[in-house]
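Here the structure is laid out as structure tokens; the discussion comes afterwards.
A, B, ... follow the sequence lines: proteins, then strands. Residue 1 opens every chain. Here the structure is a predicted model, which means the values were calculated and not measured.
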Amino acid sequence: MKDQVLKTIARIITPFIQLYGIFIILNGHISPGGGFAGGTMIGTSLILYTLVFGVDQAKRKFSEKASAFAESGGIILYILIGVIGIVVAGHFLANKGAGFDMGTPGSLWSAGMIPLLMIAIGIKVASTFITIFHTLIEVKDA
Amino acid sequence: MRQVIDVVALNVILVVFLIVCALVVERTKDLISAVIIFSAYSLMMSVLWLVLKTPDVALTEAAIGAGVTTIILIAVIGRTKRYEK
């Protein structure tokens with residue numbers, strides 16, 4: 001796309017959308033939102049980038065390989081945190097029993113491993129949305 | 001008492017808007033218009049979730065319903081036909 005206005009606005013607004021998504025993910029355990037909503041916001045910002053700058057340049061920024069790595073990595077991180085619970089405390093996703101630091105209730109540093117789970121879900125959801133969109137718009141007509 | 005009436009009035013307005021949107025989406029022949037009306041439906045649904053005191057669901061509805069669903073449906077229309085027969 002050649003429109004200068006769209007390009008400039010997209011370039012300015014994308015970091016703020018991503019920052020808000022990261023804020024929602026990191027505050028997932030003490031305020032509304034969480035991994036899914038924040039990951040969707042980050043995925044939407046990447047979709048905006050793809051729409052404005054074209055799929056080729058977007059692939060250069062966030063390639064298929066990186067997307068596959070992020071998608072598998074997010075879910076593997078989630079399962080690993082769950083397995084730590086099995087090994088230490090005896091059941092999947094054990095939180096306090098597995099020795100995670102509970103911190104002060106209500107502050108950002110609290111709730112044990114839930115922020116880590118939120119980060120894992122956020123990575124997974126963001127890369128899933130951008131993969132769906134790339135696959136959808138680059139299918140060649142048979 | 002006044003506050004309760006206000007909340008009920010807001011609920012009624014939102015629900016009527018939702019019903020009108022849903023009927024119009026079904027009636028519209030231009031599919032891109034239908035997708036945009038559906039996006040407005042999602043945004044109103046998000047406000048309704050907020051009134052019902054579930055901000056978590058409201059946030060997700062605003063991001064998924066008004067954002068990603070619209071983009072994906074428009075991408076699908078770009079690969080098929082714009083007008084319904």
Could you state the interatomic distance from [atom1] ([X]) to [atom2] ([Y]), rounded to the nearest 0.5 Å?
X: Ile132(A); Y: Ile71(B); atom1: CD1; atom2: CD1; value: 12.0 Å
X: Thr70(B); Y: Ile47(A); atom1: OG1; atom2: CD1; value: 10.5 Å
X: Leu136(A); Y: Ile72(B); atom1: CG; atom2: CD1; value: 7.0 Å

Enclosure of [X] [atom1] (heavy-atom neighbours >12, cutoff 6.0 Å):
X: Leu10(B); atom1: CG; result: yes
X: Phe38(B); atom1: CZ; result: no
X: Gln57(A); atom1: CD; result: yes
X: Phe23(A); atom1: CZ; result: no

Is the closest side-chain heavy-atom distance between Phe129(A) and Ile64(B) below 4.5 Å?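 Phe129(A) vs Ile64(B): side chains touch.
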For chain A, the option from Thr60(B), Thr54(B), Val68(B), Val57(B) that forms the most heavy-atom pairs under 4.5 Å: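 When all of Thr60(B), Thr54(B), Val68(B), Val57(B) are compared, Val68(B) has the most.
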List the atom of Ala63(B), the atom of Ala37(A), and the distance in Å for their closest heavy-atom pair.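 Answer, listing the atom of Ala63(B) first, then Ala37(A): CB-O, 4.5 Å.
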Heavy atoms only: give me the nearest Ile137(A)-Arg79(B) pair and the separation to one decimal.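 Distance-wise, the nearest heavy atoms are O-NH1, 3.8 Å.
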Donor-acceptor under 3.5 Å (Asp56(B) side chain, Gly33(A) main chain):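 Between the backbone of Gly33(A) and the side chain of Asp56(B) there is a qualifying donor-acceptor contact (under 3.5 Å).
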Under 4.5 Å between side-chain heavy atoms, counting indirect links through other Ile/Leu/Val/Met/Phe/Trp/Tyr residues: same cluster for Trp49(B) and Phe36(A) or not?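 No, because Trp49(B) and Phe36(A) fall into different hydrophobic clusters, even though each may have its own neighbours under 4.5 Å.
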Is it possible for you to say whether Tyr83(B) and Leu31(B) belong to one hydrophobic cluster, with membership spreading through side-chain heavy-atom contacts below 4.5 Å?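 No, no single cluster joins them.
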